[in-house]
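All remarks here apply to the structure that follows.
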Amino acid sequence: MKKETFNLVVRFLVGLALSLLICAGMIMTGKLGSDKPLLQQASGLKGTETVMTVDGEPVESWEYLYMVTYSAQNLSYYGVTDLSTQLGEGFTAADYVAQQAEAQVKQQAAVRKWAKDMGITLTEDDGATLQQQKEAYGEDLQKVLQINGLTEEQYDQLMSTTLLYNRLYAAYCTTDGALRPSDKDLLALAEEHSLMTADVLFISTAELDDAAKADAKALMGDYARQLSTADDKAAAFAALEAGENVTVLASNTYDGCDETTLAEDQVSDVIEDETGYYVALRRAVDLNAVAEMAFGEDLSARISGAQVEHNDSVYNAIDLTSFYARYTAGQQKLYAQLTAEQPQG
């Protein structure tokens with residue numbers, strides 16, 4: 001899996017822990033009207049119906065609808081608030097939101113399924129972390145949940161999935177993790193992806209004229225010679241007094257590297273590309289970095305290969321355009337009520 005794709009998955013899963021903060025700033029003192037969750041009010045569903053399964057892992061309607069609101073809110077940043085808006089020929093904002101919401105619940109369900117299959121469960125520390133997250137809202141927790149259409153139990157499930165992801169990551173990527181591949185398998189993966197761990201010096205040439213570029217290249221050549229002649233090249237790199245325009249990147253792991261022909265502890269010549277000049281000192285491959293890539297590939301494969309089966313009687317009955325209009329109207333009504341009840345200073 002590409003590094004940027006893995007990062008997107010991580011950012012989404014971690015981002016769920018922060019998404020409720022979007023509306024937290026709207027919360028003020030005062031009573032809310034109905035105790036019925038806003039997702040349930042706007043959809044006419046109980047929230048417990050199974051809207052789809054992902055490799056047999058059920059996704060209830062509240063979770064799917066919450067992801068609909070999450071995706072629609074992101075779309076609203078681009079000025080699209082009516083889900084009937086045409087984004088292309090035969091493709092509406094509602095179609096886009098449905099795709100995004102399904103992709104998100106698929107990720108969530110795949111994480112839960114993987115953890116269940118591997119016997120990964122939450123710990124007491126995870127329970128304490130979840131409690132701390134809720135306590136951070138103070139007395140406003142229930143108001144935050146209600147204006148986002150969630151019950152506390154549903155919030156706990158969303159956050160628990162993020163915590164399960166963290167447990168899977170630790171089991172896979174830490175040195176003594178129960179799911180960590182063998183060193184032999186990690187070395188094979190490193191070779192397959194042309195991974196290289198290296199200490200790197202870099203000078204950007206983006207704003208240099210020809211004379212300055214020549215000076216920069218000469219400087220990098222001098223660094224390469226200093227490192228090449230040192231008995232302890234790692235120590236020499238650590239002690240190197242790099243110029244102020246030189247970026248020092250220690251023990252980073254790179255994929256798709258042409259420089260993998262370097263032997264371990266070998267120094268490259270000056271490497272030039274459109275961004276600048278590099279000198280690399282190859283180090284032993286960082287197996288922890290390789291394990292992270294393996295984890296990302298495994299998770300990506302589980303998500304992309306998961307079999308989604310819709311419960312048509314529920315899924316097809318949801319009109320996302322109407323639902324989201326009622327949902328946002330309900331949020332505005334709650335906000336207006338809270339604002340009116342805010343004591344005047």
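Please read all numbers here as calculations on a predicted model, not as lab measurements. By convention here, the first residue in the shown sequence is residue 1.
For the side chain to side chain contact (heavy atoms under 4.5 Å, CB included) test, residues two or more places apart in sequence or in another chain that qualify with Asp286 are Thr197, Thr253, Asn288, Ala289. Listed by chain and number, the residues in a side-chain hydrogen bond (donor to acceptor under 3.5 Å, both in side chains) with Glu102 are His310 (sequence neighbours excluded). Partners of Tyr327 according to the side-chain hydrogen bond (donor to acceptor under 3.5 Å, both in side chains) rule, which considers only residues two or more places apart in sequence or in another chain, are Gln331. In this structure, the side chain to side chain contact (heavy atoms under 4.5 Å, CB included) partners of Ala72, at least two apart in sequence or on a different chain, are Leu83, Val97, Tyr324. Under the side chain to side chain contact (heavy atoms under 4.5 Å, CB included) criterion, Gln40 pairs with Lys36, Pro37, sequence neighbours left out. With sequence neighbours left out, Thr123 forms a side-chain hydrogen bond (donor to acceptor under 3.5 Å, both in side chains) with Asp126, Arg167.
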> So Val105 and Val54, side chain to side chain contact (heavy atoms under 4.5 Å, CB included) or not? Walk me through it.
Replying inline: CA-CA 9 Å; Val105 296; Val54 179; 5.6 Å; no
> Please walk me through it: do Asp255 and Leu195 pass side chain to side chain contact (heavy atoms under 4.5 Å, CB included)?
Replying inline: CA-CA 4 Å; Asp255 58 358; Leu195 295 182; 3.2 Å; yes
> Under the side chain to side chain contact (heavy atoms under 4.5 Å, CB included) criterion, do Leu145 and Gln154 qualify, and how do the steps go?
Replying inline: CA-CA 9 Å; Leu145 293 174; Gln154 291 164 353; over 6 Å; no
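Residues Phe237 and Val246 share a hydrophobic cluster, clusters being chains of Ile/Leu/Val/Met/Phe/Trp/Tyr side chains in contact below 4.5 Å. Clustering ILVMFWY residues whenever any of their side-chain heavy atoms sit less than 4.5 angstrom apart, transitively, puts Leu65 in the very cluster that holds Tyr315. Val308 and Leu299 fall within a single hydrophobic cluster, where Ile, Leu, Val, Met, Phe, Trp and Tyr side chains are chained together by heavy-atom contacts under 4.5 Å. Using a 4.5 Å cut-off between side-chain heavy atoms of Ile, Leu, Val, Met, Phe, Trp and Tyr, with links allowed through other members, Met293 and Leu187 fall into the same hydrophobic cluster. In the hydrophobic cluster analysis, where Ile, Leu, Val, Met, Phe, Trp and Tyr join through side-chain heavy atoms closer than 4.5 angstrom, Val279 is grouped apart from Val200.
One finds the OG atom of Ser43 at 11.5 Å from the CG atom of Asp319 (value rounded to the nearest 0.5 Å). Here OH of Tyr155 is found 10.0 Å from OG of Ser160. Values are rounded to the nearest 0.5 Å. We find the CG-CD distance between Asp125 and Gln132 to be 9.5 Å, quoted to the nearest 0.5 Å. Note: Gln142 CD to Tyr137 OH = 12.0 Å, rounded to the nearest 0.5 Å. Once rounded to the nearest 0.5 Å, the distance linking CG of Asp215 with CG of Leu219 reads 8.5 Å. Atom OH of Tyr66 is separated from atom OG of Ser61 by 15.5 Å, given to the nearest 0.5 angstrom.
Using modelled atom types, one side-chain atom of Asp273 and one backbone atom of Gly276 make a donor-acceptor pair closer than 3.5 Å. Between the side chain of Ser76 and the backbone N or O of Gln73 there is at least one donor-acceptor pair closer than 3.5 Å. A distance-only check finds no donor-acceptor pair linking the side chain of Asn148 to the backbone of Leu150 [under 3.5 Å]. Put simply, the side chain of Thr229 gets close to the backbone of Gln226: a donor and an acceptor are under 3.5 Å apart. Side-chain atoms of Ser268 come within 3.5 Å of backbone atoms of Ala280 as a donor-acceptor pair (strictly under, hydrogens ignored). Remark: side-chain polar atoms of Arg180 are paired, donor with acceptor, to backbone N or O of Cys173 under 3.5 angstrom. Judged purely by atom type and a 3.5 angstrom limit, Ser300 has no side-chain atom pairing as donor or acceptor with the backbone of Gly296.
The shortest side-chain heavy-atom distance between Leu87 and Tyr78 does not fall under the 4.5 Å cut-off.
None of Arg302, Arg112, Lys113 except one satisfies the salt bridge (Lys or Arg N to Asp or Glu O under 4.0 Å) rule with Glu57; the exception is Arg112.
Ring orientation note: the planes of Trp114 and Phe295 are close to parallel, at an angle under 30° on the 30°/60° scale.
In terms of heavy atoms, Asp82 sits closest to Ala93 at O-CB, 4.0 Å. Smallest separation of non-hydrogen atoms from Lys106 and Ile303: CE-O, 2.7 Å.
Atom CD of Gln86 has more than 12 neighbouring heavy atoms from other residues, nucleotides or ligands inside a 6.0 Å radius. Annotation for Glu135: atom CD counts as buried by contact number, over 12 foreign heavy atoms lying within 6.0 Å. Annotation for Glu191: atom CD does not count as buried by contact number, only 12 or fewer foreign heavy atoms lying within 6.0 Å. Residue-environment remark: OH (Tyr96) stays at or below the threshold of 12 foreign heavy atoms within 6.0 Å. Summarising the local packing, CG of Asp55 is surrounded by more than 12 heavy atoms from other residues, nucleotides or ligands at distances under 6.0 Å.
No salt bridge links Lys233 with Asp199; every basic N to acidic carboxylate O contact stays at or beyond 4.0 Å.
Using a 3.5 Å distance cut-off with no hydrogens or angles, the side chains of Asn74 and Ser71 do not pair a donor with an acceptor.
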